[in-house]
Amino acid sequence: MDYDFRAIEAKWQGTWKETDAYKVTEDPTRPKFYVLDMFPYPSGAGLHVGHPLGYIASDVFARYKRHKGFNVLHPMGYDSFGLPAEQYAIQTGQHPAITTEQNINRYRDQLEQLGFCYDWSREVRTSDPSYYRWTQWIFGELFESWYDTQAQKARPIAELTEAFAENGNFNVHAACDEGWWKGLSFPHFGAHFDGTFTATDWQSMNEAERQEVLMCFRIAYLADSEVNWCPALGTVLANDEVKDGLSERGGHPVMKKTMRQWMMRITAYADRLLSSLDDLDWTDSVKEAQRHWIGRSEGAAVRFAVANDAGQPDPAGTEVEVFTTRPDTLHGVSFMVLAPEHDLVAGLTSDAQRSEVEAYVEAAGMKSERDRQGDKSISGVFTGGHVVHPITGALVPVWIADYVLAGYGTGAIMAVPAGDDRDWRFAKHFDLPIPPIFKDVDTQEAVCTDKGAILCNSGEWDGMRASDAIPLALDWVEAQGCGTRKVNYRIRDAVFSRQRYWGEPFPIAYENGIATRITDATVTLPKVDAYLPTEDGEPPLARANREDWPVFRGDAMETNTMPGWAGSSWYFLRYMDPHNENAFCDRSKSDHWGQVDLYVGGAEHTTGHLLYSRFWTKFLHDLGHIGFDEPFKFMINQGMILGRSSFVYRIQGTNTFVSANQRKAHRTQRLHVDINLVDNDKLDLDGFRAWRTEFANAEFILDDDGTYTCGHEVEKMSKSKYNVQTPDELVERYGADTLRCYEMFLGPLTQHKPWDTQGISGVHNFLRKIQRLYTQAAKGGMATSSSDDALRIVHKAIAKVTDDLDRHAFNTVVSALMIAVNDLSSLDSGCGEDALQPLATLLSPYAPHLAEELWQTAGGEGSVLDAAWPEAQDAYLVEDQTTYPISFNGKVRFKLDLAASMSPADVEATVRADERTLEQLDGKEIRKVIVVPGRIVNVVM
RNA sequence: GCGGGUGUGGUGAAAUUGGUAGACACGCCAGACUUAGGAUCUGGUGCUUCGGCGUGGGGGUUCGAGUCCCUCCACCCGCACCA
């Protein structure tokens, strides 16, 4: 009679395994639905109750869709390359593959006990060579592709070499760095080279030179670039791995450093990544964050000629280019500011200023990123050099300052102190002129950033506001030849190399310094004697000798490895065809499964994974490998489950602990206490003494009832706060079905919420109650048909549950089921198969084990998993009696039971005639009666 | 500073198109059965000076506002010298 969840759950998990209940194949006769959880990294700590929240929701939805007749793909796997296993390897010498394997096994056990409907035959691991050979293959495709900015798509590099051989690069529109040729030093590209070369030029280059040129156009390319170097981690980091100038993992300082690294030309996709956001069903906050990360802004690149000693434009033609979104304020320029790292700083600096400038540049270089970001004080140095104003011909002094970033725009700005806050403060600080350019605005007193301000002292743009003057200014600048329209992006190409061991090796070998793709073999990780960098700072892979490499080509192998996001950028495709040895994913499979219809995960991947996988998806689409160009159509970001920490209060300098209620009378120190020693805020005194030796002789000041009350606070779950709740203990005590229902019952999926086990008993009771309902109905034989009352209850639940699931309101479904069970239980009798079978189906997404059991009890055929989702019948939903609340001036005064079919006019007449109405009127007159059929009556007096 | 979000009982929350605010649970209180229970069952439970008052504060639209509009406040998350 008891709800024996242990037996039930073990039994059904066994059955599902035996019957391959969750194995899925492409079924063209049914509509497809792809439900995906964000790829987990199998950490050694295992799961806490926050992790499964999203998995439960997606599992519920996958099961629901299966009931609805969909061909549902719902896979799980592991993003199993990563730092923690490598750190452990460094400390212990144990190969990271072993640690990883152990952690995965633990994860798998934890996931399995929760009864998820994953098709485990599709499990993938990014660290498995059978998986990463395809990550390598995709990298190879990126390496052998260029981006055609005219066609707005990636194309094979062979088409570029063909074009070069035929016409040079005259008709080629390839995405590349500005001044791509500047790092190259061939005779063809002399001082006056402007970026175009002929077919003859191309023919005359040798292979090495051609390869160097091609490298400038590849989507995956090698380049010397300024990277985020993290000395503590011994590796470079991508921009999204740096937060506040510190590494996201570990919080170590990050420096700027120039290194030759593999890069990904994600900037080529900036526009498409931006515009196709509009069609994605994601939250505004994630989409906005991506828009900001891409940071598109329209404006002009304006060139200022450098002035020579005579104050004339430098005859050598040296110019400083700035980017501005407000070319209309050109008349307000009174100085120029370069980033300290700008190339032209040395050339512009006068002898008199040299020592000061060099000191400033050096100081800026020494600062870590965090120091530079954190320092909001105004600093800068005059270089002594000038540029010539393109309109007025006036000399404009050139400064260098920290507030101009080398990495954004051109690394130089034209300062318009009247209209830009930073320029204004800089001008005030160094007492530089602030030319007034806005009518009736005193910009000596305050800056004017209002785009609606009217221009003055600006020649032919006088009297205009920004929106009208900007297009004219752009035309003017282009006509004068001193600038061009330009779209600038904040997003930078992504660094793709890591100086680490535990990552994908590159399928790249070098022969005389030329990088070549290896296509005929999977480059697996070589044996190394330690997982650390070499003595001269080379990545760990450089420790491997030629014979240590399973595959070795050319005269050297690439020794960097790929970053964490490589494998996770395309994993959703591998699930569709996980064992394919001939392709990353057969086109027929990706055509069948298509985009992910529901993607569930935390919001922490906003600018990393979610951007990179969009980029790779678009790339694979460009080359025709897949038929869609956005990976995740619809996404839900689940909120974090926070821990509820408990505290004890130690009187300072003693070993005496005072109950929270009386702590104010003492000077106390608050200490976290393990939540397992606390029940309902009461401390287990013996357990506490036994917890740690330092507390063995603890004394207590207790409340009057002889208990110790702990304090509490809601915080992030973490080991150090002793507030971590693992699902294992709860599954042991209440069962997986209870945990599943409870996590959903807790509140809206997307919201953050504190974890509190107090409420779990209510949900557990509900499952016991529903089981009791079925066993009682089965006592003496299950009836085939039910009373109308019972059917009304069930059909109401069907309507509510279906509706809630369709709008992803996972929490209210549990309430609806509780109500149905409560109502049916109070009927005493009348429950038969036609009520209890549909009810078991409704329960099945949430409590799949118990639902199987109940389905059987209710005489269901086969497994409940494939039971058709019941449909609510209107006949059972309409009530013939309606209870009308009768309100007077909006306040409810009494209720009236009326026939549901009664016309509004009759309802009004009945209300008017009711003696309670007269009582309420108290002599006043009825001005109006509003009847909302089936809802409410409002009498206006 | 900018962007996004959230404010409803002692607690988690519900109220889908403006129509009975607080469903469903936890906790608490009382009772029953047992007289060891943290077991089970039943009833009660927003506040209240019993007139009313109540969805962060103030204002507005409406017969009617948690829901729509304006404004202010608090908290959380993300970004942050982006020219």
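In what follows, every chain begins at residue 1, and chains take the letters A, B, ... in the order their sequences are listed.
- Every residue two or more places apart in sequence or in another chain that forms a side-chain contact (heavy atoms from CB on, under 4.5 Å) with A/Ser825 is listed here: A/Leu773, A/Val821.
- Among residues two or more places apart in sequence or in another chain, the salt bridge (Lys or Arg N to Asp or Glu O under 4.0 Å) test is passed with A/Asp874 by none.
- A/Val794 places a side-chain heavy atom less than 4.5 Å from the side chain of A/Leu824.
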(request) At under 4.0 Å between heavy atoms, which parts of nucleotides 37-51 of chain B does protein reach? Answer with one letter per nucleotide, 5' to 3': B base, S sugar-phosphate only, - none. (result) -B-S-----------
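- Nucleotide B/U16 holds its C1' atom 8 Å from the CG atom of A/Asp804, rounded to whole Å.
- Atom CG of A/Leu805 is separated from atom C1' of B/U16 by 14 Å (rounded to the nearest Å).
- Across the protein-nucleic acid pair, A/Phe888 atom CZ and B/U20 atom P stand 16 Å apart, rounded to whole Å.
- Ranking B/C63, B/A14, B/U6 by closeness to the A/Gln751 side chain, first place goes to B/U6.
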Expected list for residues 407-421 of chain A: side-chain donor-acceptor pairs under 3.5 angstrom, two or more places apart:
{"unit_1": "A/Tyr408", "atom_1": "OH", "unit_2": "A/Ser297", "atom_2": "OG", "d": "3.3"}
{"unit_1": "A/Tyr408", "atom_1": "OH", "unit_2": "A/Asn488", "atom_2": "ND2", "d": "3.3"}
{"unit_1": "A/Thr410", "atom_1": "OG1", "unit_2": "A/Glu321", "atom_2": "O", "d": "2.6"}
{"unit_1": "A/Thr410", "atom_1": "OG1", "unit_2": "A/Ala412", "atom_2": "N", "d": "3.4"}
{"unit_1": "A/Thr410", "atom_1": "OG1", "unit_2": "A/Ala412", "atom_2": "O", "d": "3.3"}
{"unit_1": "A/Asp420", "atom_1": "OD1", "unit_2": "A/Arg422", "atom_2": "N", "d": "2.9"}
{"unit_1": "A/Asp420", "atom_1": "OD1", "unit_2": "A/Arg422", "atom_2": "NE", "d": "3.3"}
{"unit_1": "A/Asp420", "atom_1": "OD1", "unit_2": "A/Arg422", "atom_2": "NH2", "d": "3.4"}
{"unit_1": "A/Asp420", "atom_1": "OD1", "unit_2": "A/Asp423", "atom_2": "N", "d": "3.0"}
{"unit_1": "A/Asp420", "atom_1": "OD2", "unit_2": "A/Arg422", "atom_2": "NH2", "d": "2.6"}
{"unit_1": "A/Asp421", "atom_1": "OD2", "unit_2": "A/Arg425", "atom_2": "NH1", "d": "3.0"}

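- Every side-chain contact (heavy atoms from CB on, under 4.5 Å) that A/Glu241 has, sequence neighbours left out, goes to A/Leu237, A/Ala238, A/Arg498.
- Using a 4.0 Å heavy-atom criterion, one finds that A/Ser285 contacts the sugar-phosphate atoms exclusively.
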(message) Strictly under 4.0 angstrom, non-hydrogen atoms only: write out the protein contact profile of nucleotides 75-83 of chain B, one letter per nucleotide from the 5' end, B, S or -.
(response) ----S-BBB
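- B/U16 atom P lies 8 Å from atom NZ of A/Lys800, rounded to whole Å.
- A/Asn822 comes within contact range of the sugar-phosphate backbone alone, with a heavy-atom separation under 4.0 Å but no base atom that close.
- Between the C1' atom of B/C24 and the CG atom of A/Leu767 lies a distance of 14 Å, rounded to the nearest Å.
- In this structure, the side chains of A/Leu53 and A/Lys753 come closer than 4.5 Å at one or more pairs of heavy atoms.
- Base engagement by A/Phe745 is indicated by at least one non-hydrogen atom pair under 4.0 Å involving a base atom.
- Per the geometry, NE2 belonging to A/His808 stands 18 Å off P belonging to B/U16, to the nearest Å.
- A/Lys287 has its NZ atom 12 Å from the P atom of B/G5, to the nearest Å.
- Among residues two or more places apart in sequence or in another chain, the side-chain contact (heavy atoms from CB on, under 4.5 Å) test is passed with A/Thr283 by A/Ser285, A/Val286, A/Asn637.
- Here B/A15 is the nucleotide among B/A15, B/A13, B/C26 with the atom lying nearest to any side-chain atom of A/Arg807.
- Listed nucleotides: B/G64, B/A25, B/A14. Nearest to the side chain of A/Thr812: B/A14.
- Comparing B/G4, B/G12, B/C24 against the side chain of A/Lys753 picks out B/G12 as the nearest.
- Nucleic acid contact for A/Ile930: base, since at least one base atom lies under 4.0 Å from a heavy atom of the residue.
- Judged by distance alone, with hydrogens and angles left aside, A/Asp803 brings a side-chain donor or acceptor within reach of the base of B/U16, the pair sitting under 3.5 Å.
- Base-pairing analysis of RNA chain B finds the following stems of at least three consecutive Watson-Crick or G-U pairs, with both pairing distances under 3.5 Å: B:1-7 with B:73-79, B:10-12 with B:24-26, B:27-32 with B:40-45, B:56-60 with B:68-72.
- Nearest to the side chain of A/Arg935, among B/A14, B/C53, B/G19, sits B/G19.
- Evaluation of the side-chain hydrogen bond (donor to acceptor under 3.5 Å, both in side chains) rule for A/Lys800 yields A/Asp804 as partners, not counting sequence neighbours.
- Between A/Tyr884 and A/Asp897, the side chains place no donor N or O within less than 3.5 Å of an acceptor N or O (distance only, hydrogens not considered).
- A/Ile819 has its CD1 atom 13 Å from the C1' atom of B/G22, to the nearest Å.
- The side-chain contact (heavy atoms from CB on, under 4.5 Å) check on A/Thr917 picks up A/Phe888, A/Phe894, A/Val911, A/Asp914, A/Leu921, A/Ile926, with sequence neighbours excluded.
- For the salt bridge (Lys or Arg N to Asp or Glu O under 4.0 Å) test, no residue two or more places apart in sequence or in another chain qualifies with A/Glu925.
- Annotation: side-chain hydrogen bond (donor to acceptor under 3.5 Å, both in side chains) contacts of A/Lys716 (sequence neighbours excluded): none.
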